[in-house]
2 protein chains.
Amino acid sequence: MGTTSKALSLLELFSRATPEIGLSEIARRAGINKATAHRLLGELAAHGFVEQVGPARSYRLGPAFLRLAALREASVPMRDAVRGVLRSLSDVTGETAHMSVLHGSVLDTIAYSYASAHGTQVRMEDAEKLLLHATSSGLAVLAWSAPDFVERVLAGPLVKRTPDTLTDPGEIRARLAPIRARGFAVSVGGFEADVHSHAVPIFDSASAPMGALAVAAPSARMCPDLAALIQGELLEKGARLTRLLGGFAPASFPAPQAA
Amino acid sequence: MGTTSKALSLLELFSRATPEIGLSEIARRAGINKATAHRLLGELAAHGFVEQVGPARSYRLGPAFLRLAALREASVPMRDAVRGVLRSLSDVTGETAHMSVLHGSVLDTIAYSYASAHGTQVRMEDAEKLLLHATSSGLAVLAWSAPDFVERVLAGPLVKRTPDTLTDPGEIRARLAPIRARGFAVSVGGFEADVHSHAVPIFDSASAPMGALAVAAPSARMCPDLAALIQGELLEKGARLTRLLGGFAPASFPAPQAA
DNA sequence: CCGGGCGGTTCATTATTTGAACCAAAGGTT
DNA sequence: AACCTTTGGTTCAAATAATGAACCGCCCGG
């Protein structure tokens, strides 16, 4: 791994749960020397990627991301399209909708939308990184991924997040064909207990799955009617989002109008 | 300069005008070897900071900024506050409002808002980086900056962007005291010809100027009434924004209610 | 069919990164 | 108040990683 990668990986340490971290803690979590961490953070800070704050001189993500995210949006409008789709999904289904994009072998949640209807909602604040084998979003992505990528994921350690998490490679592999046939994936309590979620893949311009659109509901509220509603909405909105982002569903993807 | 800084500075090459750049072009503009650029871009790409696109394999800013900008917003809510203030500023004044933050010795424009009123508007798309000596925003920041920082800026090369750009260190120095007394800075055609702009500084939690809030109007439309309106609005909205961002105006800052 | 541009790769040379040991300062505990 | 631990930050010789000229194969226009 290059020096630059080490520096960039320091940025991965920040999360909603830990938005500010001290020097020693960063070095410890990243598994690098304190002096090295200090120098790398200095370089990141010079470019506005991190900044120091407070009397403890803790580090947090810097202001450069405002500018760069705006620039990214200018060249690849995505946020607005995603937001609109999520809003309408959560409105219609009355449940939490979220979108995540593939990053290495995990899914990063980039946006979510809560419904105003119910008191209980599946919350997404603490689910920034989704595991491919443990979520409906992950299964949706795997189902349309290249076989060697799937095998690499299934070969790696499959963390058992909950008692219901699928960790048997064979079982997961067997689930992918039905997902491909129906166009969406389902997970019941695989990531968080008592959460029933549906997901459809979103494709890029090369027809490769680049992420997933999902609706998560409390298991207690799931029923055939709600499931049918969510599935129909996801297939329709997923197809629309893929188009909005300039992507194409592969020819093998089931036609959305097939009810 | 460290290796990491070189990699990060590649990100500065992207702009609204050039959102996608090829490998050779990147190496040329950054003044580094093609092989080096290739390796650095590879590391950036592995973390989602850039991505390759199209048959030409050009590079553009990557999707990681969506996630990181969202995280930055979660720890330092800024964008929403800025947006709201800008919107109301451009509505009330009928002119273009913009916000920029200090980054080294330039100002990065992070957001702007156009008014719906006039056909002619000062456009901000091509003004991502503002020079401190040539803009009202820059003068507003300089007026409340530490003397050694001011001297360092005035010592450096002062680019003459237009015939009206101030480039005499002595003259600029002399302008800062009146700015401090009134609370806002003015620039007439110093950055773009025929643009008349006003700006107030925005302060951070240490009462240091972290950026500026500005209103830019075509010179032809400027008159005493409009100037008075803009000045009053800027002082009020600037004070509010400083507070919204968790900052504090220094004791020396003129009270906004002093009409 | 020939340049000349492109993206990407190789490998010996070189300069940069690295980390143990070291500060001074700031709590916590006895 | 003496002590221990941990904090952010610094130093410098040793070791590792970055570097760039030359090199592909490719595609496009002449």
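Sequence lines set the chain letters: A, B, ... in the order given, protein chains first and strands last, and positions in each chain run from 1.
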- Task: Give a yes/no on whether any side-chain N or O of Lys6(B) is located under 4.0 angstrom from OP1 or OP2 of dT19(D).
- Result: yes

- Message: Can you pull out the residues from residues 22-38 of chain B that lie within a 4.0 Å heavy-atom distance of DNA chain C?
- Response: Gly22(B), Leu23(B), Ser24(B), Arg28(B), Lys34(B), Ala35(B), His38(B)

- Query: Is the number of heavy atoms from other residues, nucleotides or ligands under 6.0 Å of Arg57(A) CZ greater than 12?
  - Reply: no

- Query: Between Tyr59(B) and dC6(C), does any side-chain N or O lie under 4.0 Å from OP1 or OP2?
  - Reply: no

- Item | Spacing between Arg39(B) atom CZ and dA17(D) atom P, to the nearest angstrom | 11 Å

- Result for 5'-nearest mapping on DNA chain D, choosing between Glu43(B) and Gln52(A), is Gln52(A)

- Above 12 or not: heavy atoms from other molecules or residues under 6.0 Å from CZ of Arg175(A)? no

- Tell me: CD of Glu20(A) to C1' of dT7(D), nearest whole Å? 16 Å

- Hey, is the side chain of Thr3(B) poking within less than 4.0 Å of OP1 or OP2 on dA17(D), counting only N and O atoms? no

- Where does the angle between the aromatic ring planes of Phe49(A) and Phe65(A) fall among parallel (under 30°), tilted (30 to 60°) and perpendicular (over 60°)? perpendicular

- Note on the structure: Taken to the nearest whole Å, CG/Leu41(A) to C1'/dT10(D) is 15 Å

- Message: Between Glu128(B) and Thr109(B), do the side chains contain a donor N or O and an acceptor N or O under 3.5 Å apart?
- Response: no

- Under the salt bridge (charged side-chain N to carboxylate O under 4.0 Å, His left out) criterion, do Arg79(A) and Glu73(A) qualify, and how do the steps go? CA-CA 7 Å; Arg79(A) 199 170 186 84; Glu73(A) 276 301 297; 6.0 Å; no

- Heavy-atom count around Arg173(A) CZ within 6.0 Å, excluding the residue itself: above 12? yes

- Item | Proximity to the side chain of Arg57(B) - top-ranked nucleotide from dG7(C), dG8(D), dT17(C) | dG7(C)

